[in-house]
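In what follows, chains carry the letters A, B, and so on, assigned in the order in which the sequence lines appear, proteins first and then strands, with residues in each chain numbered from 1.
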Amino acid sequence: MKSQIATLVSTALEQLAQEGLLAADDIKTPVVERTRDSAHGDFATNAALVNTKAARMKPRGLAEKIVAALPESPQIAKVEIAGPGFINFHLTADAYHTVVPQIIEQAHDYGRSALGKGRKVQVEFVSANPTGPLHVGHGRGAAYGAVVADLLQAVGFEVHREYYVNDAGRQMNILAASVWLRYLELAGEELAFPVNGYKGDYVWDIAATLHREHADDYRFDAETVFRGIPADKPAGGDKEIHIDALIERCKHLLGDNRYRYVFELALNTILDDIRDDLEKFGVVYEEWFSERSLMESGAVNKAIERLRKAGYLYEDKGALWFRSTDFGDEKDRVVVRDNGQMTYFASDIAYHMDKLERGFDRVIDVWGADHHGYVPRVKAALTALGDDASKLDVLLVQFAILYRGGEKLAMSTRSGEFVTLRQLRKEVGRDAARFFYVMRKCEQHLDFDLDLAKSQTSDNPVYYVQYAHARICAVLRQASEKNMAIEPSQGTRNLEHLTEPHELALLNNLSRYPEIVEAAALNEEPHQLTHYLRDLANDFHTYYNAHQFLVDDDALRDARIKLVLATREVLRNGLNLIGVSAPETM
RNA sequence: GCCCUCGUAGCUCAGCAGGAUAGAGCAGCCGCCUCCUAAGCGGCAGGUCGGACGUUCGAAUCGUCUCGAGGGCGCCA
């Protein structure tokens, strides 16, 4: 409807240009938008305001000319000029009604479109290090990324969801060493666990598995393990040096095969846990992409070679640097450390190069906001490689702060005292968690009120929207109990009976849905959808309270049932897009 | 110090490719169940859109400055 009106307006402008009233090359594209106030009709355009200069006329005068030049349309009942020169369009009742059969016919496809023309988009999100369970911060990235991906898919992009598994870095070695040390403790050794080691309970669990399956096969006495190792922080040493030495000792004592085994056991256990966690959260991926595979395939070396050939690498203090300042970064960055190890950044360059080589038209990374300083260097690397960095879009997600009883929940990753995503799901449920996580735009800090998320009242937006859906289902059940036909008539038949203001408001809102999905997808803003759903649910609840649906008048009842069926469809589609269930009873 | 994000009603937030009297939900006050789920609905009250200057027919929206909150500035990931 919106685009139809836009076409009418631009036709009128073109005609005025032909008549010489407007300077053709000066015409500005007007905005056609929904009016905020129904007194202003259904749609409005600022065509006259925007083109006063091109016409050298006052806005209202130009508006009159535009209105006179508008082609006829059966959908439009009235056109008015208002305010400083807005042109307001009032739709016919019939134009309102057509949305109902459209929704019923398109069913779960209503709101979907082919806007993306099948272009390939990759969405990479969560990608948390597999060194422990996901916490509530990851949860927001998971919910947000999943909805953005689903939205893009809904508007016709071919979406590839991907989790980048950091299975190659130093952190993984620290994890493996941590598991082994816990194993030694389980086997009866007494030792001082390193400050920098992973201390969560899950480390004990993995160690227990190792101990159960291999008894003392991996055991060495504590003295052998710690002999000659530089002191840890509590003993006045450096915790980094201490843990690195322990890793080397661990590799040395266990040998390649056994070390590899511990490493893999830890990695796989945690990865399985993460995968299971996300799946239960309704988040699934097309691909889990291994960082190690980039190392093993030589992709990282290839990327470094390309940068070297392009002349953007230099050596300094024994390390290899990338001259990212050539591309606007604040300082140059190390890609190979003086100890010969690749930095995380090196594999990230290779990874992003690989993404573009795979032929995605667009690549979206969802990162925690604390990584924002990282964006310029990755873009710099892509530009240096001769790739189009504008294909990469990094969406930064702020932290979620949990509140319980009005109090902020203290969380520190250091001590291992963080609320996991699993705990959150268990406490508030998947639906509430998914909804709350995407209620705010991503760059906004999120205050997550656990009590509200659990409350079964209208204060809770999740229940509010779901309840609207359940209520409709209840109405339909009532209808069949009363032996009323819930198989509605075809097309727009009987819909002329929908004349109440509440009905028109609901119809109008239903017709907005495709525009909302489109805007939410293109702007990567799921919150637009949650706001819309709340609004739609409100229209429905208001209507429900004001009018009886299952009336004796057959034609009116038929019309209302159709309207309510259409509403249910849109509620269901919208909830589905944000990964929230649409219950039939509550 | 430099960079990024955010300052809108008591609280949590929409609105921001400039547009018609700034919106919602909580919380507060007042009403509504002989009627399809009151997990609901209606009404009232509540704002110098952090501040200043500028751009223009018009600024919460754009620009500069300023104040305040958070985050980032490793041969960590």
Side-chain angles (χ1 to χ4, degrees), chain A residues 29 31 33 35-37 39-40 44 46 49-50 52-53 58-59 82-86 88 127-129 131 166 168-172 174 196 240 291 316-321 330-331 333-345 347-348 368-376 396 398-399 401 403 406 439-449 452 455-464 466-468 470-479 481-482 484 502 523 525 527-528 530-532 534-535 537-538 540-551 560 564 585-586:
Chain A
T29 321
V31 174
E33 57 187 6
T35 56
R36 214 177 291 177
D37 186 340
H40 299 141
N46 62 355
L49 294 161
V50 168
T52 43
K53 277 183 187 150
K58 286 183 178 172
F86 287 100
N88 294 336
S127 298
N129 280 344
T131 51
N166 291 116
R170 173 167 171 264
Q171 295 304 318
M172 285 308 300
I174 296 178
N196 226 13
E240 306 292 348
E291 179 187 7
D316 187 36
K317 289 179 235 157
L320 192 61
W321 296 71
E330 288 174 352
K331 53 173 291 192
R333 311 291 174 176
V334 170
V335 286
V336 183
R337 295 208 264 160
D338 59 3
N339 64 7
Q341 278 190 343
M342 304 274 186
T343 59
Y344 175 86
F345 180 44
S347 38
D348 230 22
D370 52 337
H371 284 63
H372 76 77
Y374 208 76
V375 180
L396 300 169
Q398 283 285 357
F399 299 117
I401 303 159
Y403 288 82
M439 237 171 14
R440 307 281 174 241
K441 43 184 179 189
C442 65
E443 67 266 32
Q444 191 84 254
H445 291 272
L446 174 70
D447 284 329
F448 196 123
D449 185 334
L452 179 61
S455 82
Q456 306 206 344
T457 68
S458 59
D459 305 358
N460 185 341
V462 191
Y463 283 91
Y464 185 83
Q466 288 182 319
Y467 182 46
R471 256 188 165 173
I472 294 171
C473 295
V475 169
L476 298 175
R477 280 192 300 273
Q478 284 285 329
E481 276 168 30
K482 291 179 182 171
M484 292 166 162
H502 288 124
N523 298 310
E525 291 183 341
H527 75 274
Q528 291 198 29
T530 58
H531 282 270
Y532 168 80
R534 220 216 152 268
D535 211 42
N538 180 42
F540 171 75
H541 287 309
T542 304
Y543 179 37
Y544 178 95
N545 271 38
H547 300 284
Q548 189 81 16
F549 305 153
L550 304 177
V551 291
R560 288 185 171 170
V564 150
T585 56
M586 286 174 78

Touch check for [X], heavy atoms < 4.0 angstrom, all strands: base, sugar-phosphate only, or nothing?
X: A/H502; result: nothing
X: A/A479; result: nothing
X: A/D535; result: nothing
X: A/E443; result: sugar-phosphate
X: A/Y374; result: base
X: A/D338; result: base
X: A/S455; result: nothing
X: A/K317; result: base
X: A/D447; result: sugar-phosphate
X: A/H527; result: sugar-phosphate

If we take the [atom1] atom in both [N] and [M], what is their distance in whole Å?
N: B/U12; M: B/G70; atom1: P; value: 14 Å
N: B/G58; M: B/C4; atom1: C1'; value: 31 Å
N: B/G19; M: B/C13; atom1: P; value: 24 Å
N: B/U48; M: B/U8; atom1: P; value: 13 Å
N: B/U61; M: B/U56; atom1: P; value: 16 Å

- Message: Just verifying a value: how many Å separate A/H527 NE2 and A/Q444 CD, rounded to the nearest 0.5 Å?
- Response: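 One finds 9.0 Å between NE2 of A/H527 and CD of A/Q444.
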
- Item | Spacing of NE2 belonging to A/H541 relative to NE2 belonging to A/H502, to within rounding of 0.5 Å |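 It comes to 13.5 Å.
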
Nearest to the side chain of [X], which nucleotide is it out of [options]?
X: A/Q398; options: B/C36, B/U5, B/A14; result: B/U5
X: A/A44; options: B/A20, B/A39, B/C36; result: B/A20
X: A/H541; options: B/C41, B/C36, B/A77; result: B/C41
X: A/V50; options: B/A27, B/C75, B/G19; result: B/G19
X: A/E330; options: B/A38, B/C75, B/G72; result: B/G72
X: A/K441; options: B/A77, B/G70, B/G15; result: B/G15
X: A/E525; options: B/A77, B/U37, B/G15; result: B/G15
X: A/T542; options: B/C75, B/C41, B/A77; result: B/C41
X: A/R440; options: B/U12, B/C75, B/G70; result: B/U12

- Just jot down the side chain to side chain contact (heavy atoms under 4.5 Å, CB included) partners of A/E330, sequence neighbours excluded, or say none. A/R333

- Message: A/D370: which residues meet the side chain to side chain contact (heavy atoms under 4.5 Å, CB included) condition with it, sequence neighbours left out?
- Response: A/F399

- Message: Quick one about A/Y464 and A/N538 (side-chain donor to acceptor, distance below 3.5 Å, no hydrogens or angles considered), yes or no?
- Response: yes

- Query: For residues A/Q171 and A/T131, is any side-chain donor paired with an opposing acceptor at under 3.5 Å?
  - Reply: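 No.
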
How many Å lie between [atom1] on [X] and [atom2] on [N], as a whole number?
X: A/D449; N: B/A27; atom1: CG; atom2: P; value: 12 Å
X: A/M484; N: B/C36; atom1: CE; atom2: C1'; value: 9 Å
X: A/H531; N: B/U12; atom1: NE2; atom2: C1'; value: 10 Å
X: A/Q456; N: B/C26; atom1: CD; atom2: P; value: 17 Å
X: A/Q341; N: B/G74; atom1: CD; atom2: C1'; value: 15 Å

- Query: If we only count heavy atoms from C-beta on, is the A/F540 to A/V564 side-chain gap below 4.5 Å?
  - Reply: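 Sidechains of A/V564 and A/F540: in contact.
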
- Considering only heavy atoms from C-beta outward, does the side chain of A/Q478 approach that of A/L550 to under 4.5 Å?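 They are in side-chain contact.
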
For [N], does either OP1 or OP2 sit under 4.0 Å from a side-chain N or O belonging to [X]?
X: A/R333; N: B/G74; result: no
X: A/N538; N: B/C41; result: yes
X: A/K482; N: B/C35; result: no
X: A/Y544; N: B/A38; result: yes
X: A/T343; N: B/A77; result: no
X: A/K331; N: B/C3; result: no
X: A/Y464; N: B/C41; result: yes
X: A/Q444; N: B/U12; result: no

Looking at the base of [N], is there any donor atom on it, or on the side chain of [X], that sits under 3.5 Å from an acceptor on the other one?
X: A/H372; N: B/G71; result: yes
X: A/H371; N: B/A77; result: yes
X: A/N88; N: B/A20; result: yes

- Output yes if the stacking criterion (under 5.5 Å between centres, under 30° between planes) is met for A/F86 over the base of B/A20, else no. yes

- B/C32 glycosidic torsion: syn (within 90° of 0) vs anti: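 B/C32: anti glycosidic orientation.
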
- Task: Check the pair A/Y544 / A/V475 against side-chain contact (heavy atoms from CB on, under 4.5 Å), numbers first and verdict last.
- Result: CA-CA 10 Å; A/Y544 178 95; A/V475 169; 4.0 Å; yes

- Task: Evaluate the ring planes of A/H371 and A/Y374, with Trp represented by its six-membered ring, and classify them as parallel (under 30°), tilted (30 to 60°) or perpendicular (over 60°).
- Result: perpendicular

- So which one's nearest nucleotide on RNA chain B is more toward 5', A/F399 or A/A82?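 With A/A82 and A/F399 compared, the 5'-side residue is A/A82.
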
- RNA chain B: A/N460 or A/R477, which has the more 5' nearest nucleotide? A/R477

- Message: Expected output check: what is the dot-bracket annotation of RNA chain B, where ( ) and [ ] are pairs inside the strand (brackets for crossing ones), | is paired with another strand, and pairs are Watson-Crick or G-U under 3.5 Å?
- Response: (((((((..((((.....[...)))).(((((.......))))).....(((((..]....))))))))))))....

- Query: Should A/R170 and A/E240 count as an ion pair when the cut-off is N to O under 4.0 Å?
  - Reply: yes

